[in-house]
Amino acid sequence: MVFRTVAPRMRFIIIILCFVIFIFYFEMRIMKIEDGKQLAVARIQLREVDQRRGSSYLPNINTRDLVVIYNRVPKTGSTSFVGVAYDLCKQNGFHVLHINITGNMHALSLKNQFQFVWNVSHWNAMKPALYHGHLAFVDFAQFGVSQRPLYINLIRKPLDRLVSYYYFLRHGDNFRPHLIRRKHGNKMSFDECVKLRQADCDPENMWLQIPFFCGHAAECWIPGNEWALAEAKKNLVNHYFLVGVTEELGDFIKLLEVALPSFFHGASLHYETSNRSHLRRTSQKVDPLPETVAQIQKSHVWKMENELYVYALEQFHYAKKRTLTTKDGGMADKNQQFMYEKIRPK
């Protein structure tokens, strides 16, 4: 009754005000509902981010097709390292295969390079696998295959490697002590050999680690070739997963255990506690005299081989610094983590 007594103009204004209030109330309800939805979405996203921040979010890497190639340089401690791999392969679920080349040749023919690349890439029954042998680097990209192996290697101070090989040819080692080597019976010391300028101690015999990293190009096998050294450095950085040094073999194994646990889980403990740490020692090896060392270090080949060694050592120490930390007198995993954030679209 009161509403009817109000003038028509005033009734119209009241109706309009009521309508505006209704619209405002309705929009507020919608905003509350949207805010609730956004809050729920935000909570879900926050929970997902928290999950992603944890290491458990990162998916386990599928390594069932992984191939590792260890083109081992002679007399660098490779037998000790391979011994660890053979001991662990069954429990860690991978295969170990030795590459045996006719006549202990280090370079493959073009035909055998092609066959080797395709065998390794498509022999699925043998995957995952670690191949090892004394052969020069082979670039899989040149042979039309999509899968690339992980290369690893060890490098040694060039004069130490030469001296070890010199006495190995004469006296053998403790790995197969009854095997007669081709210089058996020759009792000339390395110092006498250098003094008499004999072929067995010629500094050019140190030209081996560079060609092993350089590869199969003709220039790689020319002692003192500058292009070969540059190519060896480039391949070491661009194609090798890890290159260690003989003098720090234990840390090399620890790094591999941290980086490739599917292959090397338990490797460092096994290396330290078993007899694998010095599986092959050259018998009756005598360290050269200072004057002999000085004479060898004058050679161009020693300077180039030593440059590659120092370069590899720097890369190895950098990888070790980024991956391992000193703990209780030894090296331990830094346990660095990474995560994915700001993933779009939602």
Side-chain angles (χ1 to χ4, degrees), residues 69-78 81 106-107 134-139 150-168 190-191 193-194 197-252 255-256 282 285 287-324:
I69 295 180
Y70 173 31
N71 63 317
R72 46 194 285 198
V73 180
K75 307 310 296 177
T76 58
S78 60
F81 173 70
H106 303 320
H134 297 311
L135 78 158
F137 169 75
V138 178
D139 187 357
L150 293 183
Y151 270 95
I152 61 172
N153 216 328
L154 284 164
I155 194 169
R156 187 177 183 180
K157 292 178 180 178
L159 180 54
D160 289 355
R161 198 200 66 79
L162 177 61
V163 171
S164 179
Y165 188 64
Y166 178 88
Y167 286 107
F168 168 74
F190 186 81
D191 295 301
C193 180
V194 171
R197 299 182 181 275
Q198 298 293 305
D200 284 355
C201 52
D202 191 317
E204 288 196 359
N205 293 334
M206 286 184 288
W207 189 261
L208 189 65
Q209 297 186 128
I210 287 175
F212 259 64
F213 284 89
C214 178
H216 282 72
E219 293 84 352
C220 296
W221 299 91
I222 300 173
N225 187 279
E226 295 289 345
W227 179 88
L229 174 59
E231 188 72 5
K233 286 183 176 180
K234 185 176 73 174
N235 287 340
L236 188 150
V237 170
N238 294 334
H239 295 288
Y240 279 80
F241 179 73
L242 183 66
V243 176
V245 294
T246 303
E247 297 77 15
E248 300 175 34
L249 179 55
D251 289 345
F252 174 71
L255 259 173
L256 286 174
T282 299
K285 184 175 68 174
D287 291 335
L289 296 171
E291 52 266 34
T292 302
V293 174
Q295 180 66 28
I296 292 292
Q297 290 181 348
K298 291 178 183 178
S299 69
H300 184 58
V301 168
W302 177 86
K303 292 176 182 177
M304 294 181 70
E305 281 278 344
N306 191 64
E307 183 176 337
L308 178 65
Y309 172 82
V310 171
Y311 184 76
L313 184 64
E314 290 174 351
Q315 303 299 323
F316 178 64
H317 282 172
Y318 182 79
K320 190 165 68 169
K321 179 181 177 181
R322 292 294 181 185
T323 309
L324 302 177

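For clarity, every value in this text was computed on a predicted model and none was experimentally measured.
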Calculate, to the nearest 0.5 Å, the distance between atoms [atom1] and [atom2] belonging to [X] and [Y] respectively.
| X | Y | atom1 | atom2 | answer |
| --- | --- | --- | --- | --- |
| Lys303 | Ile296 | NZ | CD1 | 12.5 Å |
| Leu249 | Phe252 | CG | CZ | 7.5 Å |
| Ile152 | Leu242 | CD1 | CG | 7.5 Å |
| Leu236 | Gln315 | CG | CD | 6.5 Å |
| Met206 | Asn306 | CE | CG | 9.0 Å |
| Glu247 | Thr76 | CD | OG1 | 10.0 Å |

Test Glu305 against Arg161 for salt bridge (Lys or Arg N to Asp or Glu O under 4.0 Å), laying out the working first.
-> CA-CA 11 Å; Glu305 281 278 344; Arg161 198 200 66 79; over 6 Å; no
- Does Lys75 count as lying over the ring of Tyr165, i.e. NZ or CZ under 6.0 Å from the six-ring centre, within 45 degrees of the axis?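 No, a cation-pi geometry is absent between Lys75 and Tyr165.
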From the list Tyr167, Phe168, Tyr166, ring pair (Phe, Tyr, Trp, His ring centres under 6.0 Å) with Phe190 holds only for Tyr166
ask   = Taking Tyr240 as the fixed residue, which of Tyr151, Phe212, Tyr70 is the one that meets the ring pair (Phe, Tyr, Trp, His ring centres under 6.0 Å) rule?
value =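 Result for ring pair (Phe, Tyr, Trp, His ring centres under 6.0 Å) with Tyr240: Tyr151.
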Which pair of non-hydrogen atoms, one from [X] and one from [Y], has the smallest distance, and what is that distance?
| X | Y | value |
| --- | --- | --- |
| Leu255 | Ala319 | CD2-O, 4.0 Å |
| Gly224 | Val301 | N-CG2, 4.1 Å |
| Phe316 | Gly244 | CD1-CA, 3.7 Å |
| Cys201 | Leu162 | O-CD2, 4.3 Å |
| Met304 | Asn225 | CE-O, 3.3 Å |
| Val73 | Gln209 | CG1-CG, 3.7 Å |

Backbone N or O of [Y] within a donor-acceptor pair of the [X] side chain at under 3.5 Å?
| X | Y | result |
| --- | --- | --- |
| Trp221 | Gly215 | yes |
| Trp207 | Cys220 | yes |
| His106 | His134 | yes |

Query raised in the report: Is the closest side-chain heavy-atom distance between Val245 and His317 below 4.5 Å?
Result: no
| Tell me, do Val237 and Tyr311 make a side-chain contact under 4.5 Å, heavy atoms counted? |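 The answer is yes, as the side chains (C-beta and beyond) meet within the 4.5 Å cut-off.
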- Task: Before giving the answer on side-chain hydrogen bond (donor to acceptor under 3.5 Å, both in side chains), spell out for Asn71 and Asn153 the whole-Å C-alpha distance, their side-chain angles and the decisive distance to 0.1 Å.
- Result: CA-CA 6 Å; Asn71 63 317; Asn153 216 328; 2.9 Å; yes
